[in-house]
Amino acid sequence: MATNAAEAKGFYKLSWAQRIGFGSGDLAQNLIFQTVACYLMLYLTTVLKINPAFVSGLILGVRLLDCFWSPIVGRYIDNHNPKMGKYRTYLLYGGIPLTIAACCLMLPQAVNWSPTMKIVYATVSYTLLSMIYSVVNIPYGSIMASMTRDNDEVLKLTSTRMVCANIGQIVVQAGFPIGLAMVLSQTIDWNQAMFMAIGTIPAFIILPSLPYLKKQFGKKGLYYLLLSIGLIGFIILYGIGKFYNVEECNVMVQIAKVMTGVGLLVGSLMWALVPEVITESEYRTGNRPAATVNALAGVAFKAGFSVAGFITPLVMGWVGFNFAEEKSSLPTDENAWFIVTCVFAIVGFALLMFCFKGCRENITTTPEKPITFKEMFKEFAANKCLQLMICIFIVVFLASFISAPVNAYYTKLAEYDAASQDAILWFTTIIPAVLLVLVGFLIYKYPLTDEKLDQMNREIEARNK
């Protein structure tokens, strides 16, 4: 009876089947997103031989477009209530075109097209994929806030979701170069594949232990601990790259990369802030704008990714490292790139359907009067927690993605000239380390404690009753 009474107030307890069903959606999306984040720039510059400066501008331009597109998607979702679920519906109706767009992202025929046609193709295919991805990702993120108000359950959902997301990350980051080698029957460079993916390993140890770690260190204390370990890892990687032969220090390099993964894991934990900000907004306004807040969080997430994608090829080019002309760190056979991308996209669609079947929406509201864009941005201006969360998202994901395409070159550092080595070190060690320090400062400013959130939820439920 006590459990039923709590659930009547929105504090639902979830089964592991529901948690894993929800988490499979993040695994599905990461099979596509990580392909774009880690390998699209390399594909466009080393396979299609498109000018890195254009690729830099393309990545930034598409993300700027998304700054306008995502709020439109979020507003539409908050104002509508489809029969198959306010949020779940879009996993199905958006998942089909998302899979098709992902398969069309690296068409092998594009290699033989003219430079102008390659640019048009890259622009159209990447823009469409990004827009469709938002149609799936924004409602998916909103599902978590609709399943329960219980902070402990939200933490378990977040940890499950992020374990699944990191499975997707490790499968793509290690699996893409392995997949290329297998398709071409080439020898697999295990050191390179391991360095690309080993930073994900801490997620499988730390995320399942989140409830225990949070009790031991507190929410902010846990963040500070993880960031400190990551900072030390980046310092070690810089020292090895600057003063020693990377290949001769492989064991220490991999250990340091694991440590950096511990620090960057904070990015995964940031998604737990989204339901908190949604609750704070509902407490002040009476509306629960889950899709809108997720849309703005998604914009911030993609802003960090896009700034990284803009800066990396541009600055690397300024120091003399041209991705289109330097020796590629991966095979450049266009058919192999297409096959590996299609495999990830099709598996991702199957996982999205599993998520569609496994999710259960318990807390959803549709405003009596449609939310306008003016009201959306008025809420953004009034919601200090939302503003701070967006800043944290931008910085932490900038730190995560700024080194992603360059990581493939770190293990082969000795093959490049001194200027190129310095550029690789800046993007794989120095810049991410500085950004982690900034993340720690922003977390220090974040005001919502678990005690405050519990009080808000109780008052909201009392008000609704």
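- Here the side chains of T200 and L265 are not in contact, with every heavy-atom distance at 4.5 Å or above.
- To the nearest 0.5 angstrom, I206 atom CD1 is 7.5 Å from L222 atom CG.
- Using a 4.5 Å heavy-atom cutoff, the side chains of K13 and T148 are not in contact.
- Looking at L129 and T127, their side chains never come closer than 4.5 Å, going by heavy atoms from C-beta outward.
- Residues P177 and L330 share a closest heavy-atom pair of CB-CD2, 3.6 Å.
- Within the 4.5 Å cutoff, the side chain of F349 has no heavy atoms near those of the L98 side chain.
- Using bins of under 30°, 30° to 60° and over 60° for the plane-to-plane angle, the ring pair Y43/W337 lands in the tilted bin.
- The NZ atom of K257 sits 8.5 Å away from the CD1 atom of I198 when rounded to the nearest 0.5 Å.
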Problem - Derivation of the ring-ring contact (aromatic ring centres under 6.0 Å, His included) call for F397 and F393 - result: CA-CA 6 Å; F397 288 111; F393 265 64; 5.6 Å; yes

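- You'll find the side chain of F54 stays beyond 4.5 Å of the side chain of L44, heavy atoms only.
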Practice task
Take Y409 and Y416 through the test ring-ring contact (aromatic ring centres under 6.0 Å, His included) and record every step on the way to the result.
Solution key: CA-CA 9 Å; Y409 294 87; Y416 302 99; 5.8 Å; yes

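- A donor-acceptor pair is defined here as one N or O able to donate and one able to accept, closer than 3.5 Å; such a pair exists between the side chain of S142 and the backbone of I138.
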Exercise for the section: Before giving the answer on ring-ring contact (aromatic ring centres under 6.0 Å, His included), spell out for F22 and Y140 the whole-Å C-alpha distance, their side-chain angles and the decisive distance to 0.1 Å. Expected result: CA-CA 9 Å; F22 171 70; Y140 168 76; 4.7 Å; yes

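- Applying the salt bridge (charged side-chain N to carboxylate O under 4.0 Å, His left out) criterion to E459, with sequence neighbours excluded, gives no partner residue.
- Surrounding OH of Y244 are at most 12 heavy atoms belonging to other residues, nucleotides or ligands under 6.0 Å away.
- No salt bridge links E280 with K452; every basic N to acidic carboxylate O contact stays at or beyond 4.0 Å.
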Problem - CA sep, side-chain torsions, deciding dist, call: T341, F176, side chain to side chain contact (heavy atoms under 4.5 Å, CB included) - result: CA-CA 8 Å; T341 302; F176 208 98; 3.8 Å; yes

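- Side-chain contact check for T428 and N407: no donor-acceptor pair (N or O, by modelled atom type) lies under 3.5 Å.
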Problem - Residues D26, M162; criterion side chain to side chain contact (heavy atoms under 4.5 Å, CB included); working and verdict - result: CA-CA 7 Å; D26 221 322; M162 289 303 118; 3.5 Å; yes

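- Nearest approach of W426 to P432, heavy atoms of both residues: O-CD, 3.8 Å.
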Exercise for the section: Take Y410 and V253 through the test side chain to side chain contact (heavy atoms under 4.5 Å, CB included) and record every step on the way to the result. Expected result: CA-CA 10 Å; Y410 181 89; V253 164; 3.9 Å; yes

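- Take Y133 and apply the ring-ring contact (aromatic ring centres under 6.0 Å, His included) test, not counting sequence neighbours, and it matches F33.
- Within the 3.5 Å criterion, the main-chain N or O of F356 finds a donor-acceptor partner in the side chain of R88.
- With hydrogens and angles disregarded, no donor-acceptor distance shorter than 3.5 Å links the side chain of Y223 to the backbone of G218.
- Using modelled atom types, one finds no donor on one side chain facing an acceptor on the other under 3.5 Å when comparing Q169 with N30.
- For the atom pair NZ (K156) and CH2 (W16), the distance works out to 7.0 Å, reported to the nearest 0.5 Å.
- Under a 3.5 Å cut-off, the side chain of S228 and the backbone N or O of Y224 do form a donor-acceptor pair.
- Scanning both residues, G95 and L352, for their nearest heavy atoms gives CA-CD1, 3.8 Å.
- No side-chain heavy atom of V135 sits under 4.5 Å from any side-chain heavy atom of M131.
- I346 contributes atom CD1, which lies 12.5 Å from atom CG of L351 (distance to the nearest 0.5 angstrom).
- The CD atom of Q18 sits 12.0 Å away from atom CD1 of I143, with the distance rounded to the nearest 0.5 Å.
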Problem - side chain to side chain contact (heavy atoms under 4.5 Å, CB included) assessment of V183 paired with N335 - result: CA-CA 9 Å; V183 171; N335 291 300; over 6 Å; no

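- Tested against L264, the residues L436, L435, V439, V396 include a single side chain to side chain contact (heavy atoms under 4.5 Å, CB included) partner, L436.
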Exercise for the section: Before giving the answer on side chain to side chain donor-acceptor pair (under 3.5 Å), spell out for D417 and Q421 the whole-Å C-alpha distance, their side-chain angles and the decisive distance to 0.1 Å. Expected result: CA-CA 6 Å; D417 59 44; Q421 289 183 18; over 6 Å; no

Problem - Y283/Q455 under side chain to side chain donor-acceptor pair (under 3.5 Å): CA gap, chis, key distance, verdict - result: CA-CA 10 Å; Y283 177 75; Q455 180 184 353; 5.3 Å; no

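- Looking at every heavy atom in both residues, A28 comes nearest to G348 through CB-O, 3.1 Å.
- For the pair F344 and I32, the minimum side-chain heavy-atom distance is 4.5 Å or more.
- Not a single donor-acceptor pair under 3.5 Å links the side chain of S209 to the backbone N or O of Y212.
- At distances below 3.5 Å, at least one donor-acceptor pair connects side-chain atoms of K220 with backbone N or O atoms of I443.
- Residue I424 holds its CD1 atom at 9.5 Å from CD of E415, rounded to the nearest 0.5 Å.
- Across every non-hydrogen atom of L388 and P447, the tightest pair is CD2-CD, 4.1 Å.
- Side-chain atoms of M106 and E334, non-hydrogen and from C-beta on, never get closer than 4.5 Å to each other.
- Listed here is the closest heavy atom pair of T99 and A345: CG2-O, 3.6 Å.
- Side-chain atoms of S281 do not come within 3.5 Å of backbone N or O of I278 as any donor-acceptor pair.
- A donor-acceptor pair is defined here as one N or O able to donate and one able to accept, closer than 3.5 Å; such a pair exists between the side chain of Q29 and the backbone of G25.
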